[in-house]
Amino acid sequence: MTNKVGQAGTLESCDALVIATIPSEGEGIEIQLDSPSLVSFEKEMRDAITGVLQELNVMCGVLKVQDRGALDCTLRARVETAVRRALAALPEGSERP
Amino acid sequence: MTLDKNVRVIPDTLPGIKNVRSFQAGATSSLAEMPRTPKRCGKIVSTVREALHRAGIRDGMTLSFHHHLRNGDLVVNMVLDIVAEMGIRDITLAPSALFPVHEALLRHVKNGVIRTIQGSVNGPVGQAASHGEFVAPVVLRSHGGRVRAIQTGDLHVDIAILAAPSADQMGNVSGVIGPSACGSLGYAFTDAQYADTVIAITDNLLPYPVTPFSLLQTEVDWVVPVEKIGVPEKIVSGTLKITQDPMRLLIAEQVARVVEESGLLIDGFSMQAGAGGISLAASACIRESMKKRGVRGSFISGGITGQSVDMLKEGLFRTLLDVQSFDLEAVASLACNPNHVEMSASFYANTAAKGCVVDMLDVAVLGATQVDTDFNVNVNTESDGVLLHGIGGHMDTAAGAKITVIVTPLFRGRMPMVVDQVITRTTPGNTVDVVVTERGIAVNPGRKDLLDNLRGKGLPLMDIHDLKKMAENMTGVPSMPPFGERIIGIVEYRDGSIIDVIRQRV
């Protein structure tokens, strides 16, 4: 099994840094969410992240989301970009031809 | 027996004198009846421990501190360490404010030296309170409310500790000179006046009399010289820079526009604005408006900055009433400009005084951690329900000022700042007139006069409910943080009534 990794966003205020690790095979999504807004918006944030993953047909992987108070639109954009970059990336450890 | 040729015949009774006692040279009996020995020259004691011992410190006492050394303060931690060493327990700490540097006192909360706090908390100490670490709930009071409580006996101070940037051997204290100069000592006046015992701790003992003095030998019992009371660079800042953040600048410009159209920006105008980013920028915008219109104001009150000093020098205001000097320019100005005057917290904001400055204010520009659709303001708890801030002069100035302007971004991170109901009510909505955000301005419907003045002037006026909806459309509706039953904080209004309680976060 190999992993493909993509990253998007920053740790600036109102942004989120998302690292998507997508294995070539496996099952289940793991979301590691860290945010100052967890107390008030955890459900909304998890819904936003899983929504994007479903839209992109991602069935397995680990999403590490370090949120710094991003609005949902920002969060969704960062997750989508990270995932697309992961899907387009070469497997971890492989050499560029 | 020689007859003193100066013996006078004094009758046993005299009209207008209650108890006639004949004078005797050198006698001290009459002095001993005084609550404090008036002619005391030897006030210097060599250690804080000895001063506390002489003050009769014992379990359960209340110790007060003032916060002019801000995050550079070494005195609170120093004294509490010694109190702990002396084996004293169950102390009530009565600071006018605390800063992150005071996180160190939490170990004395854990080991039972400190029972609770009455006055103000900040940052880590507030967080600890929110998580239930204090035996008794902390009592939060405004600057004016703290004076009222001490004056009326609601809060009895056994020992007041004065951090003294300069002092002489009789206990006169100056805030404007010395390595730890902080300017005004406004919050310490009440402590000095009402505490049973007053101890001045100084790192700059000067020959008698130290001038200009603000805290007086008539109130100070003991003077303790120590090596260092503060870290200068953390006491006052250099010149405070006006924010470059376009959103904050936009809010500041809107505040100036509201003030311009309020009808109050005429000769004699008075205002108070803090040293926070938006407030400082709002002052800068109002400064320009005043220049443009040729308005000559009466006073700026509260925490004074270099910008206030510049406005005084430019003749835009006649007077600065300074309860706390925020930067080096303010300290220097207080020391030499007779129109820059130190004021006590009582003079500033005390409802029990025979008149206070806030009642003479035209405009107060204040911050918030939340505002609700009834214009109630929360400055104590963050959106996650954790107690993080003291009240300062918020509810005092709001109650006094003709127009109270709350400045806040519509949301911080993804937390909306305009909500249905504030988590903690600090300042009641009936004392709040305008809320200015970057996306709209809401005027309290109770202020029809103000609304009339502001309508049709190109200002983005909105109903506060619409402002709330606009915020929630972007952020979502936040869930209420989970609270337990136990009350960990009591928010006292400036008149001594209880305006809210804060429960433990679980």
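Lettering of chains follows the sequences in order, A, B, ..., and the numbering in each one begins at 1.
Smallest separation of non-hydrogen atoms from A/Phe41 and B/Arg414: CE1-O, 3.3 Å.
In this structure, B/Ser479 contributes its side chain and A/Ser40 its backbone to a donor-acceptor pair below 3.5 Å.
Annotation: B/Gln244, atom CD; neighbour count of heavy atoms from other residues, nucleotides and ligands within 6.0 Å does not exceed 12. Heavy-atom contacts from other residues, nucleotides or ligands closer than 6.0 Å to CE of A/Met59 number 12 or fewer. Counting heavy-atom neighbours within 6.0 Å of A/Glu12 CD, excluding the residue itself, gives a total of 12 or less. Within 6.0 Å of CD in B/Glu233 there are more than 12 heavy atoms belonging to other residues, nucleotides or ligands.
At least one side-chain heavy atom of B/Arg505 sits under 4.5 Å from a side-chain heavy atom of A/Val39.
Residue A/Cys14 holds its SG atom at 7.0 Å from CZ of B/Phe411, rounded to the nearest 0.5 Å.
Residues of residues 69-84 of chain A having a heavy atom under 4.5 Å from any heavy atom of chain B, listed by number: A/Gly69, A/Ala70, A/Leu71, A/Asp72.
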